[in-house]
Amino acid sequence: MQEDDFKVTPWEVSGKIDYDKLIRQFGTQKISEEILSEFSRISKGNMHVMLRRNIFFSHRDLDLILNDYKGGKDFFLYTGRAPSLGMHIGHLIPFLFTKWLQDIFDVNVYIEITDDEKFMRNQEYTLKQTSEWAHQNILDIIAVGFNPDKTFIFKDTEYIRNMYPLVTSIAKKLNFSQVKATFGLDATSNIGILFYPAIQIVPTMFERKRCLIPAAIDQDPYWRLQRDLAESLDYYKAAEIHSKFLPPLASSGGKMSSSIPESAVYLSDPPKTVEKKIMKYAFSGGQATTELQRKLGADLKVDVPYQWLYYIFEEDDDEIRRIGNEYSSGKLLTGEVKKILAQKVNQLLEKHREKRERSEEMYSTFLYDGKLARIMWDKIHS
Ligand code: TYM
């Protein structure tokens with residue numbers, strides 16, 4: 001895709017990503033100080049840790065969303081998930097952040113579960129599998145704690161009837177070479193995947209209001225297509241807020257991937273497994289021996305345990321500063337930082353699993369009979 005030592009597409013993320021360069025390549029914008037202070041004002045000083053730490057780092061039209069909001073104009077949030085056997089910690093990032101946005105702005109959230117995308121992209125998967133994974137992943141998403149009156153979760157293969165008229169209008173505006181170039185498809189790609197972008201774009205038009213999409217930056221190519229055609233259909237260009245990728249455990253490049261099990265921590269991993277994975281596989285920026293570590297300290301930029309703490313697991317700013325200082329100066333050893341991380345990850349997972357036990361009873365509220373879900377099932381998008 002680009003002549004770099006990294007690659008970011010919706011289906012492949014690899015290499016050591018230079019995020020400033022990515023902003024220039026994609027043509028997005030850095031989240032400015034003004035935007036941050038606006039968030040700080042709206043959240044009454046309780047800014048989300050992933051905004052404070054520049055994990056959500058880039059955007060399109062976020063300034064317009066905030067300006068509109070200031071003027072009393074509403075917007076809605078949209079995010080999604082291509083279901084797989086298990087969700088890992090990286091997948092939680094956009095959902096945790098979307099929930100925070102819903103809490104502070106009190107707006108509707110639409111969550112698309114793309115069982116169709118997953119099925120069509122992998123010859124070996126059956127629809128039965130992707131549908132079962134969808135169910136399991138939805139339970140994890142519900143556990144994040146969205147407002148049941150203002151959140152609609154839908155599976156593409158089920159909700160397609162209501163979306164299809166608008167999907168056809170979108171598909172009619174997308175030509176083969178645009179989609180091929182945007183996603184790097186070729187003549188061997190199946191035609192389902194060629195058509196699929198119209199289905200990922202359609203929820204940006206579920207309301208005739210601005211739509212804000214929180215996701216990692218890999219999804220941006222879809223929104224570029226959306227932004228080219230939205231106004232011709234009398235809808236707003238989608239606004240976006242992009243996160244970086246939680247790095248895989250075993251290396252500081254790319255993104256955590258479900259296809260390399262030792263590189264990911266799953267939401268279902270029991271405490272012992274979490275501990276073992278972190279102690280054994282987490283890529284360390286520390287020195288090879290204790291003596292050298294005491295003398296030279298760790299390189300925080302490549303150290304995965306530190307990165308994970310920084311991304312989400314240590315929310316206390318004083319504490320992360322202390323760990324960073326002591327680790328980079330050699331006072332802390334890799335094993336000690338890994339222990340801190342394992343404990344924090346297990347704390348988060350334990351809370352998550354407690355909440356997930358109650359997800360099943362909320363399932364039909366979010367998908368079929370909650371306040372927003374009912375409105376959505378009565379509506380044909382055209
Ligand atoms: P999927 O299932 O690959 O990923 C779900 C969401 O998780 C983000 N993500 C990550 N974020 C941080 N660190 C990581 N290591 C990491 N890995 C994945 C993704 O950016 C995504 O936000 N086609 C989509 C499904 C979808 C969607 C959407 C996503 C449909 N509509 C609207 C976002 C917004 C997909 O395959 O996501």
Side-chain angles (χ1 to χ4, degrees), residues 8-14 17 19 22 50 53 55-58 60 76-99 101 109-122 125 130 133-134 136-138 140-141 144 152-157 159 163 167 182-183 193 196-206 211-226 238-260 263-267 304 307-308 310-313:
V8 176
T9 77
W11 298 310
E12 189 189 342
V13 176
S14 59
I17 302 157
Y19 285 104
L22 200 58
M50 289 191 273
R53 305 226 177 122
I55 305 306
F56 276 85
F57 73 112
S58 149
R60 292 183 194 270
F76 66 97
L77 293 162
Y78 159 46
T79 195
R81 161 85 180 130
S84 65
L85 180 57
M87 276 176 68
H88 61 57
I89 281 168
H91 293 133
L92 264 190
I93 287 182
F95 292 101
L96 293 171
F97 190 66
T98 303
K99 181 213 158 14
L101 291 172
V109 172
Y110 299 94
I111 300 176
E112 178 175 51
I113 306 297
T114 58
D115 49 350
D116 52 347
E117 175 193 14
K118 198 67 177 194
F119 172 67
M120 291 189 294
R121 273 205 61 77
N122 299 276
Y125 298 157
T130 54
W133 298 338
Q136 293 303 321
N137 290 187
I138 289 169
D140 282 309
I141 292 168
V144 170
F152 178 49
I153 304 178
F154 57 99
K155 287 187 273 186
D156 282 344
T157 54
Y159 194 60
M163 301 191 281
V167 168
T182 307
F183 296 98
I193 281 303
Y196 170 74
I199 298 174
Q200 180 152 333
I201 287 171
V202 71
T204 64
M205 302 176 186
F206 275 2
C211 168
L212 174 63
I213 307 168
I217 195 164
D218 60 335
Q219 301 296 311
D220 180 66
Y222 289 102
W223 320 132
R224 270 181 248 154
L225 294 178
Q226 192 274 3
E240 309 154 37
I241 180 161
H242 309 124
S243 78
K244 299 176 182 171
F245 302 98
L246 187 71
L249 259 192
S251 87
S252 63
K255 69 164 182 177
M256 194 196 281
S257 161
S258 308
S259 50
I260 314 167
S263 249
V265 169
Y266 293 92
L267 303 183
V304 172
Q307 294 294 325
W308 280 32
Y310 189 82
Y311 265 64
I312 40 176
F313 292 105

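Bear in mind that the values here come from a model prediction, so they are computed numbers and not experimental data. Worth knowing before you read on, the calculation uses all heavy atoms, side chains too, and leaves out hydrogens, waters and symmetry mates. Atoms within a ligand are numbered from 1 in the order they appear, just like the ligands themselves. All residue numbers in this chain count up from 1 along the given sequence.
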Quick one: closest heavy-atom pair of [X] and [Y], and the distance?
X	Y	result
Phe56	Ile93	CE1-CG2, 4.0 Å
Val167	Ile199	CG1-CG1, 4.0 Å
Glu112	Asp156	OE2-OD1, 2.8 Å
Phe76	Pro203	CE1-O, 3.4 Å

Counting each atom of ligand 1 from 1 as listed, which ones have a heavy atom of [X] under 4.0 Å away?
X	result
Glu112	30 (C), 31 (N)
Thr79	28 (C), 32 (C), 33 (C), 34 (C)
Ala215	22 (O), 33 (C)
Arg81	1 (P), 2 (O), 25 (C), 26 (C)
Trp223	32 (C), 34 (C)
Thr114	25 (C), 30 (C)
Ile213	34 (C)
Asp218	19 (C), 20 (O)

Give a yes/no on ligand 1: does Phe97 have at least one heavy atom closer than 4.0 angstrom to it? no
I'd like to know if Lys244 contacts ligand 1, where contact means a heavy-atom distance under 4.0 Å to any ligand atom.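 Yes, Lys244 has heavy atoms under 4.0 Å from ligand 1.
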Where does [X] meet ligand 1, judged by heavy-atom distances below 4.0 Å: at the side chain, the backbone, both, or neither?
X	result
Gln219	side chain
Trp11	neither
Val13	neither
Leu246	both

Nearest neighbour of atom 21 (C) of ligand 1 from the list Pro203, Pro94, Ser84, Ala264, on a heavy-atom basis: Pro94
Return all side-chain donor-acceptor pairs below 3.5 angstrom for residues 213-220, not counting sequence neighbours, or 'none' if the list is empty.
{"residue": "Gln219", "atom": "OE1", "partner": "Gln200", "partner atom": "NE2", "Å": "2.8"}
{"residue": "Asp220", "atom": "OD1", "partner": "Arg60", "partner atom": "NE", "Å": "2.9"}
{"residue": "Asp220", "atom": "OD1", "partner": "Arg60", "partner atom": "NH2", "Å": "3.3"}
{"residue": "Asp220", "atom": "OD2", "partner": "Arg60", "partner atom": "NH2", "Å": "2.9"}
{"residue": "Asp220", "atom": "OD2", "partner": "Arg224", "partner atom": "NE", "Å": "2.8"}
{"residue": "Asp220", "atom": "OD2", "partner": "Arg224", "partner atom": "NH2", "Å": "3.2"}

Parallel, tilted or perpendicular: which one describes the rings of Phe183 and Trp11, with boundaries at 30° and 60°? tilted
Is any N or O atom of Tyr222, backbone or side chain, closer than 3.5 Å to an N or O atom of ligand 1?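 Such a contact does not occur with ligand 1.
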Could an N or O of ligand 1 be found under 3.5 Å from any N or O of Ala216, whether backbone or side chain? yes
For Arg121, the salt bridge (charged side-chain N to carboxylate O under 4.0 Å, His left out) test, sequence neighbours excluded, returns none
So that I know where these two stand, are Phe206 and Phe152 an aromatic pair - ring centroids less than 6.0 Å apart? no
Which distance, rounded to the nearest 0.5 Å, do you find between the CG of Asn137 and the CD1 of Ile111?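 Those atoms lie 12.0 Å apart.
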Within 45 degrees of the axis of the six-membered ring of Tyr311 and under 6.0 Å from its centre: does Lys244 put its NZ or CZ there? no
Taking ring pair (Phe, Tyr, Trp, His ring centres under 6.0 Å) as the criterion, tell me which of Tyr110, Phe154, Trp223 meets it with Tyr78.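 Only one option passes, and that is Trp223.
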